[in-house]
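Working notes, structure below.
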Amino acid sequence: MAALNSRTLGRFGPAVSEIGLGCLGMSDFYGPADTAESIATIHAALDAGLTLLDSGDYYGMGRNELLLRDALYGRRRDQALVSIKFGALRDPAGAWLGFDARPAAVKNFLAHSLRRLGVSYIDIYRPGRLDPSVPIEETVGAIGEMVNAGYVRYIGLSEVGAATLRRAHATHPISDLQIEYSLISRGVEREILPAARELGVGITAYGVLSRGLLSGHWSDTRELAPNDIRRGMPRFQQGNVDRNLAMVETLRAIAESKGATVAQAAIAWVHSRGDDIVPLVGARTRARLAEALGALDITLTAEDLAEIERAIPPDGASGTRYDERQMRMLDSER
Ligand SMILES: NC(=O)c1ccc[n+]([C@@H]2O[C@H](COP(=O)([O-])OP(=O)(O)OC[C@H]3O[C@@H](n4cnc5c(N)ncnc54)[C@H](OP(=O)(O)O)[C@@H]3O)[C@@H](O)[C@H]2O)c1
């Protein structure tokens with residue numbers, strides 16, 4: 001595999017590797033994960049030159065940050081850029097209670113994250129969702145104070161729409177917007193991506209494999225753990241999942257003709273959308289990571305892209321990307 005190139009997150013953000021590692025599935029949401037293998041995967045990523053690690057304080061309610069602390073122990077602090085989301089409120093059983101991005105909450109969440117991570121600053125700090133009861137200027141203003149105090153380097157956002165992005169960016173430069181973007185989640189292309197480009201805000205794209213559905217490794221007979229969030233996700237429901245997997249098979253034929261796997265073609269497609277876009281992959285094992293990094297060796301020609309578009313049309317997915325309740329919470333879907 002060739003060395004990883006870097007991409008700069010917008011006009012105001014840091015240079016990061018052209019692909020990032022999302023650590024969510026190592027502690028939550030996608031069924032059991034192996035801690036030792038998760039740490040080995042983070043080490044393999046860093047050793048391959050991947051520098052962007054994404055997490056959230058509510059992933060495993062602090063466990064994901066503790067995992068990162070262990071994985072980064074003994075490494076140079078500047079070898080990894082740590083991106084942390086905050087704000088989601090959960091009860092002891094993990095149920096969602098709402099969102100809090102008031103200025104005092106921002107500082108409180110940050111203090112806890114710094115302690116858990118065992119670091120003196122977080123590279124990119126972002127609210128995981130827009131708090132509908134707090135003007136974005138107040139949330140971003142509070143993170144800006146933490147930038148000035150040296151606890152945060154850059155401010156990011158997650159799943160906000162173009163209008164919120166503009167307001168936030170007018171308050172403090174935003175490095176990147178984290179948002180779902182994949183062959184079957186292309187809503188961002190309508191208004192949000194053009195606005196981000198106009199403002200000089202980078203995109204960190206998540207769900208590039210649609211949580212495994214677009215990976216080529218999914219099957220409709222897969223047993224899901226009781227707390228696996230995909231149980232409630234429309235695209236994984238019976239009926240929808242069959243239609244979605246039928247599309248994946250057309251992608252498989254194209255990928256194989258290029259000597260690639262389905263996951264590699266799906267990641268390469270997002271990666272090909274522009275130098276201002278950094279795909280985050282949710283690999284939890286070294287094998288999945290190696291496959292994901294292999295995507296960077298693939299060049300998709302204009303012909304390949306057209307063929308992929310025919311196989312998977314922009315609105316081709318069956319089912320929305322989140323359930324109804326969560327779709328209503330997404331500022332990016334308004
Ligand atoms: N801002 C937000 O609202 C938000 C929301 C969700 C995620 N994120 C961030 O984005 C990151 C990535 O998102 P995601 O985990 O939903 O996305 P994903 O990369 O679309 O899906 C990850 C799943 O795909 C499966 N997979 C199969 N082959 C793979 C391969 N070669 N490489 C990687 N995964 C493969 C993995 O399952 P197996 O391990 O079972 O194979 C994994 O659980 C998260 O870790 C998180 O940091 C942000």
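In this text, all values refer to a predicted model and were calculated from it rather than measured experimentally. Remember, it's 1-based here, ligands and their atoms both numbered in the order they're listed. Values below: every heavy atom of this structure, side chains too, minus hydrogens, waters and symmetry copies.
Counting heavy atoms under 4.0 Å from ligand 1, residue A33 does not touch it at all. At a heavy-atom cutoff of 4.0 Å, ligand 1 is contacted by the side chain of R222 but not by its backbone. When non-hydrogen atoms are compared, ligand 1 lies under 4.0 Å from neither the backbone nor the side chain of E180. For A283, heavy-atom contacts with ligand 1 shorter than 4.0 Å involve the backbone as well as the side chain.
Of the listed residues (Y322, Y30, Y59, Y206), the one carrying the non-hydrogen atom nearest atom 16 (O) of ligand 1 is Y30. Distances from atom 46 (C) of ligand 1 to the heavy atoms of L213, T41, D54 put D54 nearest. The residue among R129, E159, R284, H217 with a heavy atom at the shortest distance from atom 3 (O) of ligand 1 is R129. When the options L24, L177, L209, L157 are ranked by their closest heavy atom to atom 44 (C) of ligand 1, first place goes to L24. Around atom 23 (C) of ligand 1, the closest heavy atom drawn from G212, P32, S182 belongs to G212.
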Can you list the steps and then say if E309 with R186 is a salt bridge (Lys or Arg N to Asp or Glu O under 4.0 Å)? CA-CA 12 Å; E309 293 259 333; R186 296 182 59 175; 2.9 Å; yes
Begin from the C-alpha positions of R102 and D131 and carry the test salt bridge (Lys or Arg N to Asp or Glu O under 4.0 Å) through to its verdict. CA-CA 8 Å; R102 292 169 301 152; D131 180 341; 5.9 Å; no
Worked check of side-chain hydrogen bond (donor to acceptor under 3.5 Å, both in side chains) between E37 and T285: CA-CA 6 Å; E37 182 59 29; T285 61; 4.9 Å; no
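Counting only heavy atoms of the protein, atom 21 (O) of ligand 1 lies nearest to R211 CA, 3.2 Å. Protein heavy atom at the shortest distance from atom 48 (C) of ligand 1 is Q178 OE1, 3.1 Å. G207 N, 3.6 Å is the protein heavy atom nearest to atom 13 (O) of ligand 1. The protein non-hydrogen atom at the shortest distance from atom 32 (N) of ligand 1 is R288 O, 3.5 Å.
Ring-plane geometry between Y59 and F29 is classed as perpendicular, the angle between the planes exceeding 60 degrees on a 0 to 90 degree scale with a lower cut at 30. Aromatic ring pairs are classed by plane angle as parallel below 30°, tilted from 30° to 60° and perpendicular above 60°; the pair W269 and Y181 is perpendicular.
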Could you pull out every donor-acceptor pair under 3.5 Å between side chains of residues 312-319 and any protein atom, sequence neighbours left out?
from	atom 1	to	atom 2	distance (Å)
S318	OG	R243	NE	3.1

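Taking the charged nitrogens against the carboxylate oxygens, R310 and E307 have no contact shorter than 4.0 Å, which rules out a salt bridge.
When only modelled atom types and interatomic distance are considered, R334 and T164 share no side-chain donor-acceptor pair under 3.5 Å.
Shown here are the side-chain hydrogen bond (donor to acceptor under 3.5 Å, both in side chains) partners of D304, two or more places apart in sequence or in another chain: K258, T301.
Within ligand 1, counting atoms from 1 as listed, the ones closer than 4.0 Å to a heavy atom of E291 are 28 (N), 30 (C), 31 (N).
Between G282 and ligand 1, an N or O atom pair is found at a separation short of 3.5 Å. The shortest N or O to N or O distance between L289 and ligand 1 is not under 3.5 Å. For a threshold of 3.5 Å applied to N or O pairs, the pair formed by G22 and ligand 1 contains at least one separation below that value.
No path of Ile, Leu, Val, Met, Phe, Trp and Tyr side chains, each step under 4.5 Å between heavy atoms, connects V134 with I143, placing them in separate hydrophobic clusters.
Under the 6.0 Å distance and 45° angle rule, R77 counts as a cation-pi partner of Y121.
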